[in-house]
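Presented below is the structure to which this report refers.
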Amino acid sequence: MANWVLKGLRTGIRSTSYPARPDDAPGISPGRPIGTSLRSTAAVDQLVGNCPTQAIAPNDSGIAIDQRRCVHCFRCQRGVDQPATWQQGFEWAAYVDEKAPRKLAAIFGRSLHIRFVDAGACGACMSEARQINNPYYNLHRLGFFITPTPRNADVLLVAGPVSDAMRLPLCKTYEALPTPKRVVAIGACAASGGVFGPSFAAAAGLADVIPVDVVVPGCPPPPLAILHGLLLVVERKPPSSVFPRAPGESKESA
Ligand code: SF4
Ligand code: SF4
């Protein structure tokens with residue numbers, strides 16, 4: 001650790017100032033498509049047809065995007081007549097239950113212990129999740145710590161659609177967490193099954209198997225989006241203004 005501090009002093013490289021200040025460093029996030037207003041029927045059909053995960057659906061004003069299914073393939077942005085609006089930033093996380101979000105702030109103050117579970121992810125989500133422990137993202141400065149044992153954890157951070165092989169280990173891990181506990185689903189696979197589920201070998205995401213409190217969309221979500229999800233658990237940041245609900249699913253019915 002001392003080497004990292006010395007290197008930081010020598011090179012001027014330092015940890016991100018998020019969440020105290022926004023981070024707009026180049027490459028910090030790929031951005032994401034959001035719903036777009038009026039366009040021709042042909043343009044809507046083109047966008048809907050281009051989307052490989054059925055994340056786009058027509059609505060009254062143009063298109064709506066189910067953030068839980070979007071895999072950030074850019075097929076609604078490149079090579080189309082009217083591209084979808086692309087939003088920069090990374091504060092993508094949202095509570096599953098907007099009306100009664102389950103937060104840990106009062107009980108846990110500002111500190112969390114986190115247990116990761118790979119429930120059949122392709123590797124990219126877990127790779128991004130591991131980055132939050134590196135010197136740039138430096139989750140310890142936020143009072144967040146990764147623990148290898150579920151019995152010491154407050155939060156279960158899960159990637160992947162929940163493959164059949166991981167269903168039982170995931171349930172056992174969830175049961176081993178002491179209560180109160182919270183679950184954060186990261187990535188399109190954990191949020192909706194993504195490109196793998198539902199299928200003969202995987203569930204349609206984490207909510208099919210255990211209760212989920214916070215969803216972090218993305219494929220994979222960048223490290224700062226994952227940090228945003230953890231900050232939501234302790235109410236230190238507001239949720240995304242673009243809720244990852246399905247097109248046509250109203251705020252009231254969510
Ligand atoms: S970026 Fe998302 S919404 Fe756009 S085509 Fe790809 S999966 Fe669909
Ligand atoms: S959401 Fe994307 S990056 Fe994450 S496990 Fe699924 S396919 Fe891989």
Side-chain angles (χ1 to χ4, degrees), residues 29-37 39 43-59 62-90 92-94 116-132 156-167 170 183-199 201-209 212 214-226 228-229 240 242-249:
S29 166
R32 63 174 176 172
I34 55 172
T36 304
S37 59
R39 54 185 62 241
V44 169
D45 290 347
Q46 186 183 39
L47 291 180
V48 171
N50 267 17
C51 181
T53 57
Q54 294 82 50
I56 302 179
N59 67 6
I63 57 164
I65 293 176
D66 181 354
Q67 298 294 334
R68 294 174 295 195
R69 297 206 68 82
C70 175
V71 293
H72 293 190
C73 67
F74 285 85
R75 292 185 64 182
C76 57
Q77 175 71 191
R78 298 170 183 160
V80 290
D81 298 334
Q82 294 184 41
T85 302
W86 207 264
Q87 182 193 57
Q88 295 307 316
F90 51 80
W92 299 345
F116 287 177
V117 172
D118 177 345
C122 72
C125 272
M126 295 314 286
S127 172
E128 295 295 297
R130 276 192 290 274
Q131 300 305 316
I132 64 176
L156 197 56
L157 191 78
V158 186
V162 191
S163 60
D164 282 356
M166 281 306 296
R167 183 180 283 262
L170 174 67
V183 175
V184 177
I186 61 167
C189 288
S192 66
V195 292
F196 298 120
S199 72
L206 198 51
D208 260 9
V209 183
V212 178
V214 170
V215 169
V216 185
C219 184
L224 286 176
I226 298 171
H228 180 231
S240 164
V242 181
F243 189 77
R245 65 169 52 76
E249 194 182 340

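Every number for a ligand or one of its atoms is a count from 1 in the order of the listing.
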Around atom 8 (Fe) of ligand 1, how many protein N, O or S atoms are there at under 2.8 Å? 1
Look up atom CZ in F116 and atom CD1 in I132, then write down how far apart they are to the nearest 0.5 Å. 4.0 Å
For side-chain contact (heavy atoms from CB on, under 4.5 Å), just list the numbers for M166 and V117, CA-CA rounded to whole Å, side-chain angles, deciding distance to a tenth of an Å, and then say yes or no. CA-CA 9 Å; M166 281 306 296; V117 172; 4.0 Å; yes
Just so I know, are the side chains of P221 and F90 near enough to count as touching, which here means a heavy-atom distance under 4.5 Å? no
Do L156 and V184 make a side-chain contact, defined as non-hydrogen atoms from C-beta onward lying under 4.5 Å apart? no
Are any of the side-chain heavy atoms of L170 and L206 separated by less than 4.5 Å? yes
Could you tell me whether a side-chain N or O of N50 sits under 3.5 Å from a main-chain N or O of C76, the two making a donor and an acceptor? no
Side chains of P33 and F74, heavy atoms from C-beta outward: is any pair under 4.5 Å? no
Going by the 4.0 angstrom heavy-atom rule, the piece of H72 near ligand 1 is backbone
Flag for R32-S240: side-chain donor and acceptor within less than 3.5 Å: yes
What protein N/O/S atoms sit under 2.8 Å from atom 4 (Fe) of ligand 2, by chain and number? C125 SG
Report yes if the side chains of I226 and E128 come closer than 4.5 Å at any heavy-atom pair, otherwise no. yes
Side chain of Q87, backbone of G31: donor and acceptor closer than 3.5 Å? no
